[in-house]
**Student:** 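Once you've had a glance at the structure underneath, I'll fire off some questions.
First listed ligand is number 1; within each ligand, the first listed atom is number 1.
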Amino acid sequence: TAPTRTGAVANWADERLGLGTVMKKNLRKVFPDHWSFMLGEIALWSFVVLLLTGVFLTLWYDPSMAETPYTGSYAPLRGIEMSQGMSSTLHISFDVRGGLLMRQMHHWAAMLFIAAMMVHLLRVYFTGAFRKPRELNWVIGSLLLLLGTLEGFTGYSLPDDLLSGTGIRAADGFVKSIPVVGTYVSFFLFGGEFPGDSIIPRLYIIHVLLIPGILLGLIAAHMLLLVYHKHTQWPGPGRTEENVVGFPMLPVYAAKAGGFFFVVFGVTAIMGGLMTINPIWRYGPYDPTKVTAGSQPDWYMGWPDGALRIMPGIETELFGYTLSWNVLVPIIILPGLMFTILLMLPFIENWITGDKRDHHLLERPRDAPTRTALMVALMTFYGLMWAAGGNDIIAIRFDLSINQITYFLRAAVFIGPVIAFIIARRWCISLQRKDRDDVLHGYETGIIMRSPEGGFSERHAPLPQESVYTLTSREDTKAYAALPATDANGVDAPNGRIDRVRAKLSQAWFAHDTAPPTREELDEAHHHAEHAHELQ
Ligand code: HEM
Ligand code: HEM
């Protein structure tokens, strides 16, 4: 048959780029479906919104710290001296058509981007999707979170208003607290004494070029690895570690994902159009001698700020240098430690369990109680630190003493996570037992029956076949505890202190893990139920 025009173009391209084979394979690539797989997509699409709106802002934003009197159309600030950075941001807000919408969309999309990343991270963790072979994608993801946060910080510093100047002032203090080299690093960063006139142009290049470039590269790697590994799926009839059940890339998945971009775009547009964010005209220009009461950073910067607020003021003198632990611990050591733990989570779990297998089927959080409880403890720690970041607001709103809030939180950040760990783990185990009961004895229908003797009982109905399949096919985690079990007398105890610690951890990791019902138990329960039925 005669080739069509599009066919000819496709052929031309294929003969030069060899895309045909790659495309043929990947356009049929199958994606499993579950609402929680949408969270990564929200991160992806809000990043695209950030790129689009960010490019718009660069057309008018002027990254200069040169002082000028404001002459734009916002009357209350007219004649006030401010940097070009601030006055051009006011210009975008009041005098560029659609400018305020774009600024607010950009800022709301940044909030959404980081929130979506965090919730996506939690989904990946709680379902065990970070396990082999996806550990590297977890590492890339963690880097994305770190860079996204830095990108947000550099972004909200650009308008050079009183709030963002306060943030940069704090950052200068953090840098100066680094032992020995602190003052030099600060001089280097600011091109002289704070605030100087270089920091805004430098942050600008970092914000519009350096970090977005790295983010783009890492996101591309994240997506390539995703396609290479294929997406994980929930267990169910016909789904195995070897296959993927879902929709093909074309036409279904591409249409869904493409459509979803417009949903995310639309939601940020509505937020940007209706909800004020960062109204810098109310704060005024930056002046190192002023600070706004109730100054709060963007929410994702809140937790180190909270740590800073509740850290006791401890200092050490060493060889004539002062080590300010009250800054070093909350701002440098603690975030560094949290990030390292985050990055290492897949490797920590793997080291403890000794599991060497590939995993493409997801686990429910309740089926891995220790894993789940570990993240709940980390979340509790994060949440309490975050609350500490709003200690002034909490004190004013609830009419409390700021000292008491501080003392309470100093203890709570240590005790809270432990309590949360214990509760979450018990909760998971209870849910496992409930699942087991449901499989063996059916679910409670809510129908109460009265027997001829006058006793009351609730009728149980069997679970749908699919649920029984899913609940009984879950993996028996005990089966891959790779380390030799130690009995009470220490027989077979692994040699070496580290190995013994690991064996202990491994046992604790799986302790109280109720196994799914066996075939025999199921038959027995089934038989019992039929028997009861005959008697009725
Ligand atoms: C400002 C975040 C990417 C250009 C900002 C602001 C935030 C932010 C929070 C302050 C907005 C405000 O005024 O209230 C982010 C994040 C990004 C991102 C999280 C990506 C992950 C980009 C990109 C560009 C860009 C790719 C341009 C190529 C700008 C410009 C400003 C700005 C010019 C200053 C104008 C202004 O503050 O209104 N960014 N941004 N951004 N961003 Fe971004
Ligand atoms: C999967 C995007 C950050 C770890 C995915 C998926 C998308 C995505 C679209 C497939 C759909 C889904 O499972 O939700 C992004 C973007 C990010 C980001 C755009 C930020 C810029 C992160 C972070 C982590 C992470 C912070 C964890 C630390 C993973 C892993 C998978 C994945 C392990 C594979 C999950 C599976 O196959 O079930 N990512 N992600 N990602 N992401 Fe991310």
Side-chain angles (χ1 to χ4, degrees), residues 31-32 34 36-63 85-86 88-93 99-100 102-114 116-125 127-131 133-161 163-164 200 203-204 207-209 211-213 215-216 218-220 222-223 225-227 229-234 244 257 277-280 298 300 342-343 345-346 359-360 362:
F31 283 83
H34 187 263
S36 69
F37 303 164
M38 182 185 75
L39 299 166
E41 267 187 66
I42 299 183
L44 183 63
W45 298 135
S46 51
F47 179 69
V48 174
V49 173
L50 280 164
L51 288 178
L52 294 174
T53 51
V55 169
F56 180 97
L57 293 173
T58 59
L59 303 182
W60 285 278
Y61 176 76
D62 177 7
M86 167 120 188
S88 64
T89 312
L90 287 172
H91 180 69
I92 295 173
S93 308
L100 183 60
M102 287 296 157
R103 246 197 84 216
Q104 302 204 129
M105 271 181 80
H106 193 70
H107 209 137
W108 278 121
M111 300 289 178
L112 187 68
F113 175 60
I114 295 173
M117 257 199 279
M118 288 196 182
V119 188
H120 169 57
L121 179 156
L122 292 179
R123 171 325 257 173
V124 167
Y125 182 80
T127 58
F130 58 84
R131 291 175 296 170
R134 294 181 181 75
E135 303 99 322
L136 283 182
N137 234 6
W138 174 272
V139 170
I140 294 179
S142 308
L143 292 173
L144 284 169
L145 184 61
L146 180 72
L147 284 169
T149 313
L150 288 178
E151 177 72 348
F153 178 79
T154 54
Y156 73 67
S157 296
L158 294 180
D160 202 21
D161 57 294
L163 183 61
S164 72
I200 293 289
L203 288 179
Y204 180 69
H207 185 78
V208 303
L209 191 70
I211 301 182
L215 279 175
L216 214 55
L218 285 178
I219 291 177
H222 198 62
M223 295 297 99
L225 275 182
L226 181 76
V227 170
H229 290 143
K230 302 182 185 70
H231 202 280
T232 55
Q233 61 186 342
W234 286 101
V244 189
I277 188 163
N278 203 17
I280 52 162
D298 268 3
Y300 43 87
L342 177 73
L343 205 76
L345 278 173
H359 290 278
H360 303 289
L362 296 171

**Student:** With backbone taken as N, CA, C and O and side chain as the heavy atoms from C-beta onward, which portion of Leu215 lies under 4.0 Å from ligand 1: side chain, backbone, both, or neither?
**Tutor:** side chain
**Student:** Around atom 14 (O) of ligand 2, find the nearest protein heavy atom and jot down its residue, atom name and distance.
**Tutor:** Phe37 O, 2.9 Å
**Student:** What verdict does the side-chain contact (heavy atoms from CB on, under 4.5 Å) test give for Leu345 and Phe130, after you've listed the backbone C-alpha separation in whole Å, the side-chain angles of each residue and the deciding distance to 0.1 Å?
**Tutor:** CA-CA 9 Å; Leu345 278 173; Phe130 58 84; 5.9 Å; no
**Student:** For atom 7 (C) of ligand 2, which protein heavy atom lies nearest, and how many Å away is it?
**Tutor:** Met223 CE, 3.5 Å
**Student:** Relative to the heavy atoms of Phe113, which atoms of ligand 1 are at a distance of less than 4.0 Å?
**Tutor:** 21 (C)
**Student:** Rounded at 0.5 Å granularity, tell me how far OG1 in Thr154 sits from CD1 in Ile211.
**Tutor:** 4.5 Å
**Student:** Please check whether Arg103 reaches ligand 1 - meaning an N/O of the residue sits under 3.5 Å from an N/O of the ligand, judged on distance alone.
**Tutor:** yes
**Student:** Roughly how far apart are Leu143 CG and Leu343 CG, rounded to 0.5 Å?
**Tutor:** 6.0 Å
**Student:** Run the numbers on Glu135 and Val139 for side-chain contact (heavy atoms from CB on, under 4.5 Å), then give the verdict.
**Tutor:** CA-CA 6 Å; Glu135 303 99 322; Val139 170; 5.6 Å; no
**Student:** How far apart are the C-alpha atoms of Leu136 and Leu225, what are their side-chain angles, what is the distance that settles it, and do they pass the side-chain contact (heavy atoms from CB on, under 4.5 Å) test?
**Tutor:** CA-CA 9 Å; Leu136 283 182; Leu225 275 182; 4.3 Å; yes
**Student:** Could you work out, for atom 35 (C) of ligand 2, the closest of Lys230, His229, Arg123, Arg131 by heavy-atom distance?
**Tutor:** Arg123
**Student:** Which heavy-atom pair separates Asp298 from His107 by the least distance, and what is that distance?
**Tutor:** OD2-NE2, 2.9 Å
**Student:** How close do His207 and His106 get, counting heavy atoms only, and between which atoms?
**Tutor:** NE2-NE2, 3.9 Å
**Student:** So which heavy atom on Ile277 is nearest to which on Arg103, and how close?
**Tutor:** O-NH2, 4.4 Å
**Student:** Roughly how far, to the nearest 0.5 Å, is CG of Leu44 from CG of Leu39?
**Tutor:** 12.5 Å
**Student:** Which ligand 1 atoms does Leu51 reach within 4.0 Å, using its non-hydrogen atoms?
**Tutor:** 26 (C)
**Student:** Parallel, tilted or perpendicular: which fits the ring planes of His222 and His120, with parallel below 30° and perpendicular above 60°?
**Tutor:** perpendicular
**Student:** Ligand 1 and Asn278, any nitrogen or oxygen pair closer than 3.5 angstrom?
**Tutor:** yes
**Student:** Would you check the N or O atoms of Trp138, main chain and side chain alike, for any that come under 3.5 Å of an N or O of ligand 2?
**Tutor:** no
**Student:** Let me confirm one number: the CZ-NE2 distance from Arg131 to His360, rounded to the nearest 0.5 Å.
**Tutor:** 10.5 Å
**Student:** At under 4.0 Å between heavy atoms, which part of Ile219 makes contact with ligand 2: side chain, backbone, both or neither?
**Tutor:** side chain
**Student:** Show me which atoms of ligand 2 lie under 4.0 Å from any heavy atom of Glu41.
**Tutor:** 9 (C)
**Student:** Using 0.5 Å steps for rounding, measure from the CD1 atom of Ile114 to the CG atom of Leu144.
**Tutor:** 11.5 Å
**Student:** Would you mind counting protein N, O or S atoms that sit less than 2.8 Å from atom 43 (Fe) of ligand 2?
**Tutor:** 2
**Student:** Which word best sums up how the rings of Tyr125 and Trp138 line up, parallel for under 30°, tilted for 30 to 60°, or perpendicular for over 60°?
**Tutor:** tilted
**Student:** Output the list of atoms in ligand 1 that are nearer than 4.0 Å to some heavy atom of Pro159, sorted by atom number.
**Tutor:** 13 (O), 37 (O)
**Student:** Look at the aromatic rings of His34 and Phe37 and report parallel, tilted or perpendicular, splitting at 30° and 60°.
**Tutor:** tilted
**Student:** With 2.8 Å as the threshold, which protein atoms of type N, O or S lie near atom 43 (Fe) of ligand 1? Leave waters out.
**Tutor:** His106 NE2, His207 NE2
**Student:** Rounded to the nearest 0.5 Å, what's the gap from CH2 on Trp60 to CD1 on Ile92? Could you check?
**Tutor:** 8.0 Å
**Student:** Nearest protein heavy atom to atom 38 (O) of ligand 2, by residue and atom, and its distance?
**Tutor:** Thr232 OG1, 2.4 Å
**Student:** For Tyr61 and Tyr204, I'd like to know if the aromatic rings sit close, meaning centre-to-centre distance below 6.0 Å.
**Tutor:** yes
**Student:** Among all the protein's non-hydrogen atoms, which is closest to atom 11 (C) of ligand 1, and how far away is it?
**Tutor:** His107 ND1, 3.4 Å
